[in-house]
Novice: 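I have a structure I would like to understand better, so I am pasting it below and will then ask my questions one at a time.
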Number of protein chains: 2
Amino acid sequence: MSVLTVGTVAFDDIETPFGRAEKVIGGACTYISWAASYFVNDIRLTSVIGNDFPNEEIKELESRGVNMQGLKLIENGKTFFWAGRYHSNMNQRDTLVTDLNVLDDFDPELPESYKDSKYVMLGNLTPDIQARVLEQLSAPKLVVLDTMNFWMDVAMDKLKEVISKIDVLTINDEEARQLSGEYSLVRAAEKIFEMGPKFLVVKKGEHGALLLAPNEIFYVPALPLAEVKDPTGAGDTFAGGFIGYLAKTDDISFENMKRAVVYGSAMASFCVEEFSLGKLKALDQEMISERIGKFVEITSFSL
Amino acid sequence: MSVLTVGTVAFDDIETPFGRAEKVIGGACTYISWAASYFVNDIRLTSVIGNDFPNEEIKELESRGVNMQGLKLIENGKTFFWAGRYHSNMNQRDTLVTDLNVLDDFDPELPESYKDSKYVMLGNLTPDIQARVLEQLSAPKLVVLDTMNFWMDVAMDKLKEVISKIDVLTINDEEARQLSGEYSLVRAAEKIFEMGPKFLVVKKGEHGALLLAPNEIFYVPALPLAEVKDPTGAGDTFAGGFIGYLAKTDDISFENMKRAVVYGSAMASFCVEEFSLGKLKALDQEMISERIGKFVEITSFSL
């Protein structure tokens with residue numbers, strides 16, 4: 001099954017209590033596509049870069065089955081740049097720099113070959129761009145949207161408009177509370193289902209992830225790790241593993257979404273072990289199976 | 001099997017975003033004993049009160065199989081009083097008042113009939129008092145100690161001395177980091193095992209609880225609830241359910257501790273649904289079984 005991915009392709013400067021990395025490859029669409037590439041080989045990337053972006057990164061993604069027709073190259077443009085610093089608890093961060101650059105007037109026009117995409121992952125971007133992509137698709141089977149508090153602060157109306165047209169919303173717990181006005185995540189989910197989505201994934205970082213549907217709850221903890229170097233991209237990697245697994249299995253039942261949440265969590269647990277795409281590029285199916293086994297191990301109990 | 005419980009018996013003033021309660025019954029030992037009473041009927045309470053403490057509360061605990069010989073009554077004394085206010089996120093709180101009162105010079109002397117206790121729950125109190133109780137026991141099978149950052153700040157040496165003599169330590173994630181100097185909870189646990197305990201329970205509030213032993217990890221999420229009124233006593237209630245289940249089954253293997261963590265979490269999930277002991281006093285075995293079923297439901301997935 002085909003997966004359409006939309007989001008930033010970026011350079012990141014990252015500072016964590018455990019080190020720093022300068023001008024490394026980042027961006028939601030990059031993480032999503034890399035993670036999904038371990039599940040499917042028909043991925044259609046939609047983003048924009050400047051001519052400062054290294055060609056070998058593009059070639060590497062292409063070799064993983066990622067279609068780059070939808071990657072717009074702006075000559076004399078500079079790639080989106082983000083710099084951030086993580087607090088000692090790693091669950092919070094400060095944004096130091098956001099240079100939109102080529103993203104500033106990005107208006108995604110999908111290649112014809114993308115328009116029949118079945119599984120769609122709208123990575124965190126302006127709701128306008130997410131909407132523009134959505135309206136060009138002929139008959140998506142499942143649309144997942146990731147967003148953040150920033151868009152709730154500056155573009156809530158537009159965001160709610162897009163949210164009304166999607167199937168799965170992925171946000172963190174504070175964002176679920178902000179969007180719904182409800183403290184309880186159970187109540188927050190009820191309100192969010194009224195807005196349109198049929199499923200809500202609440203990403204809780206080191207505390208795991210919740211999957212909710214009307215009258216259904218599933219909660220997978222995060223894997224406690226000996227070493228966490230850099231949480232950047234963990235949410236996007238989760239999303240990539242989640243949609244990749246769903247597309248591979250082509251089954252959008254709640255039972256299968258539970259498995260997709262576990263696979264997404266497993267991919268995210270690799271992501272944070274190295275800066276940038278360091279670990280994510282070095283995986284194989286055996287490592288992923290073994291990691292999934294650890295999730296089974298830490299969550300299993302018999303009465 | 002016998003369970004010895006130690007800790008405060010208190011009056012609480014509580015303010016949460018969802019309401020307030022004045023001069024309600026609280027205290028670690030109270031919550032622990034109530035929770036444990038759903039599992040065993042040989043509970044030996046050790047604490048101190050003033051003559052302002054209502055007699056019917058004592059009678060109620062006695063009727064649940066709680067031995068009150070170790071409850072010291074100070075004539076003309078006032079019962080320990082705590083007042084706190086929870087932040088909007090409910091995972092943080094400010095202490096507004098702490099009146100030690102009769103607790104100020106509490107030196108627990110165990111009744112003879114307590115000294116052979118097998119399962120021991122040292123609730124959050126000064127490490128001195130916890131040590132004093134421990135040294136009077138003849139041959140405990142399992143000693144669990146709960147503590148908090150306050151004792152790490154003001155009495156770390158004494159705390160470490162007691163910790164060296166116990167089997168299971170229950171603390172929250174920030175406290176595990178403070179005690180060990182390690183950010184990763186996996187690494188923190190390794191350091192803590194070097195201090196003496198064979199098991200570590202990391203209480204994460206609305207994010208669940210981790211059970212760690214050397215080379216073993218189990219993570220049970222908290223049950224997402226539609227309504228959380230008051231988190232006070234949730235950790236103590238967890239501890240009471242945990243030790244109660246272990247004493248009832250008399251099995252301290254890691255596999256059984258996993259079940260005990262689930263039972264502890266289930267009891268805590270009831271605790272937070274009402275102020276004070278409101279919900280905890282109104283339970284029965286069927287409600288507990290049903291709640292355990294919900295934990296199975298939200299954590300189960302098949303590959």
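Letters go in sequence order (proteins before strands), and every chain restarts at 1. Since the model is a prediction, treat every value here as computed from it, not as a measurement.
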Novice: Parallel under 30°, tilted from 30 to 60°, perpendicular over 60°: which one fits the rings of A/His207 and B/His207?
Specialist: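 The arrangement is parallel - the two ring planes meet at less than 30°.
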
Novice: Taking the ring of B/Phe238 and the ring of B/Tyr31, is the distance between their centroids below 6.0 Å?
Specialist: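 Here the rings of B/Phe238 and B/Tyr31 have centres that are no less than 6.0 Å from each other.
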
Novice: Any donor and acceptor pair, going by atom type alone, linking the side chain of A/Tyr86 with main-chain N or O of A/Thr232 inside 3.5 Å?
Specialist: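 Present.
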
Novice: Can A/Arg259 be said to sit on top of B/Phe301's aromatic six-ring, NZ or CZ under 6.0 Å from centre and within 45° of the ring axis?
Specialist: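 No; the conditions do not both hold, so A/Arg259 does not lie above the ring face of B/Phe301.
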
Novice: Side chain, backbone, both or neither: which part of A/Ala222 has a heavy atom under 4.5 Å from chain B?
Specialist: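 Contact with chain B involves the backbone of A/Ala222 alone.
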
Novice: Testing A/Leu200, A/Val202, A/Ile163, A/Val201 for side-chain contact (heavy atoms from CB on, under 4.5 Å) with A/Ile171, which one passes?
Specialist: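 Between A/Ile171 and the candidates, side-chain contact (heavy atoms from CB on, under 4.5 Å) is satisfied uniquely by A/Leu200.
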
Novice: Side chain, backbone, both or neither: which part of B/Asn256 has a heavy atom under 4.5 Å from chain A?
Specialist: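 For B/Asn256, neither part sits under 4.5 Å from chain A.
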
Novice: Can you tell which part of B/Leu225 gets under 4.5 Å to a heavy atom of chain A, answering side chain, backbone, both or neither?
Specialist: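 The answer is the backbone of B/Leu225.
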
Novice: Below 4.5 Å from any heavy atom of chain A, which atoms of B/Ser88 appear? Answer side chain, backbone, both or neither.
Specialist: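 Only the backbone of B/Ser88 comes within 4.5 Å of chain A.
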
Novice: Considering only heavy atoms, which portion of B/Glu297 lies under 4.5 Å from any heavy atom of chain A: side chain, backbone, both, or neither?
Specialist: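 Interface part for B/Glu297: backbone (N, CA, C, O).
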
Novice: Looking at A/Pro17, A/Ala188, A/Ala226, which one has more heavy-atom pairs under 4.5 Å with chain B than the rest?
Specialist: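 Looking at each option in turn, the highest pair count goes to A/Ala226.
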
Novice: Against chain B, work out which of A/Glu206, A/Glu190, A/Lys294 has the most heavy-atom pairs shorter than 4.5 Å and name it.
Specialist: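 The answer is A/Glu206.
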
Novice: Side chain from CB out, backbone as N, CA, C, O: work out which of these in B/Leu223 comes under 4.5 Å of a heavy atom of chain A, or both, or neither.
Specialist: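 Answer is neither: B/Leu223 stays 4.5 Å or more from chain A.
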
Novice: Are B/Phe254 and B/Phe218, when compared by the centres of their aromatic rings, separated by less than 6.0 Å?
Specialist: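 Judged by ring-centre distance (under 6.0 Å), B/Phe254 and B/Phe218 do not meet the cut-off.
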
Novice: Mark yes or no: B/Lys279 above the aromatic ring of B/Phe270, with NZ or CZ under 6.0 Å from the six-membered ring centre and no more than 45 degrees from the axis.
Specialist: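 Pair B/Lys279/B/Phe270 does not count as cation-pi.
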
Novice: Determine the option with the most heavy-atom pairs under 4.5 angstrom with chain A, choosing from B/Val262, B/Val261, B/Asp173, B/Leu211.
Specialist: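 Heavy-atom pair counts peak at B/Val262.
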
